[in-house]
2 protein chains.
Amino acid sequence: MEQTAPNSRDKILEVAEALFARRGFAGVGLRQVADQAGLGKSSLFHHFRSKAQLYLAVLDRVLVGIDERLAGAAETGGAPMQRLDRMVDTLIDALAEQPATARLLLRSLFEEDDLPAEAGSAQEATDRITQRILARIDTLLREGMKEGVFRPVSVGHTIQTLIGATVYHFASGEFGELLLGRSLLSSEEVRQRKEEVKALIHHGLAASSAS
Amino acid sequence: MEQTAPNSRDKILEVAEALFARRGFAGVGLRQVADQAGLGKSSLFHHFRSKAQLYLAVLDRVLVGIDERLAGAAETGGAPMQRLDRMVDTLIDALAEQPATARLLLRSLFEEDDLPAEAGSAQEATDRITQRILARIDTLLREGMKEGVFRPVSVGHTIQTLIGATVYHFASGEFGELLLGRSLLSSEEVRQRKEEVKALIHHGLAASSAS
DNA sequence: GTCTATACTACGATAGAC
DNA sequence: GTCTATCGTAGTATAGAC
């Protein structure tokens, strides 16, 4: 649709995203990235200073995408429970549409410590976006508790549970499919994941048994 | 306590577990393992045929440990909700006591596909233990639903949520600590994690509002 | 059971021609 | 902006002495 003709930089980011999601930072060779992007290995270094910078550029791109979609979901207003429902739907849609995203995000939690230390400023950029995303949920949860529609919970622990219920789920790959008996990404299972998560919220987070 | 004097094989497994948990399969070099185990690189191949076999041996060891602890928790009987509470407590205790475990388990979901294909029979062993662990929760959830103490839910999705709430949480490392504002492994946060997860279950999974 | 030595491959990164 | 060629390092794994 809005695809014109990706320049080399975008093409590299695209194939690197898929590879990093599947194999992790250490598991991907730049040779592989270059081949799939249709370039020589050395050409990568014209666009990105190092493997670590490429990885962080990929991660940044994904985080920005998630943040934009969540921003759209939050802006429409409504009661806290409605907004939380919309955030869950939006996040799950995003994760289901781009299967690499969930794995990349979850892996990023483990792999930030084996990046070369020099990565510096690019690290800070991804950290800032992460903080922005977390702040959206944090604010929403506190508002809901203040209004008395959510029961009193630890905000941090609740965010962790929500991430587990969404990002982990769609990152679980073959294991999750074994558990559900079919593809995590089938429209039926995506729909059901939304229902199950929202039902858990409505029963488990609501102060009264509102639905 | 029951530590006598670990033979080389156990020492290798021990240091490899920590390294694989931290860096992942591709991120660990056998040189590193050998150094930390106090051996030459080549000596590893006397105990394990290949890096993949070593990895699978580490994973198997961890899965067996989890399975044994969950078996202990399940055997004591009681109502489904009580048993589920005990399983959550037991699992969280296990993950908190051995910080490498959660990361290793979560990583194993992503990394099984970049193991050399030859690994064959050892793969099946870890799969069997995984199935046994899952069957414990599966049976318990179905029993609770049959008795009417759990509301009707998708068993697969619920297991995914429980894994996310426990394994993911303790695998989240620095990110989780940023979110909670203190170490995931402090006794206070471990205690609170148990409370939050069990509260979510009691409010969100129970058919009535039993506690 | 552990060692040294070695084979072969791949890695990330750089230099410099075009 | 992409290429070929190359550097230095580290990877897994094997052979064979002790």
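Chain identifiers are assigned alphabetically (A, B, ...) following the order of the sequence lines, protein sequences preceding nucleic acid strands; residue numbering begins at 1 within each chain.
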Checklist entry - Can you check the R23(B) CZ to dA10(D) P distance for me, whole Å? => result 14 Å
Next on the checklist: Between E177(B) and R182(B), does any side-chain N to carboxylate O distance fall below 4.0 Å?
Outcome noted: no
Checklist entry - Do you see a donor-acceptor pair shorter than 3.5 Å between the side chains of Q160(B) and S172(A)? => result yes
Checklist entry - Any chance the side chains of T126(A) and R61(A) put a donor and an acceptor closer than 3.5 Å? => result no
Side-chain donor-acceptor distances from residues 21-34 of chain B under 3.5 Å, at least two apart:
residue, atom, partner, partner atom, Å
R22(B), NH1, D113(A), OD2, 3.4

Checklist entry - Between dG1(C) atom C1' and N7(B) atom CG, what is the distance in whole Å? => result 11 Å
Item to check | Below 4.0 Å: OP1/OP2 of dG1(C) and any side-chain N or O of S43(B) | outcome: no
Checklist entry - Reading nucleotides 5-16 of chain C from the 5' end, what letters show protein touch, with B for base, S for backbone sugar-phosphate only, - for no heavy atom under 4.0 Å? => result B-----SBBBB-
Checklist entry - Counting only non-hydrogen atoms, which of residues 53-62 of chain B are less than 4.0 Å from DNA chain D? => result none
Next on the checklist: For H47(A), give me all partners under ring pair (Phe, Tyr, Trp, His ring centres under 6.0 Å), at least two apart in sequence or on another chain.
Outcome noted: none
Item to check | Basic-acidic side-chain contact under 4.0 Å: R132(B), D67(B) | outcome: yes
Next on the checklist: Strictly by ring pair (Phe, Tyr, Trp, His ring centres under 6.0 Å), give each pair with a member in residues 158-197 of chain B just once, sequence neighbours left out.
Outcome noted: H157(A)-H169(B)
Item to check | Separation of atom NE2 in H46(B) from atom P in dA17(D), rounded to whole Å | outcome: 17 Å
Checklist entry - Does any donor atom in the side chain of S108(A) or R103(A) lie under 3.5 Å from an acceptor atom in the other side chain? => result no
Item to check | Salt-bridge contact E111(A)-R107(B) (side-chain N to carboxylate O under 4.0 Å) | outcome: yes
Checklist entry - Considering the terminal five base pairs at each end of the helix from dG1(C)-dC18(D) to dC18(C)-dG1(D), what angle separates the two local helix axes, rounded to 10°? => result 0°
Checklist entry - Does a salt bridge link D93(B) with K194(B), judged by any charged N lying under 4.0 Å from a carboxylate O? => result yes
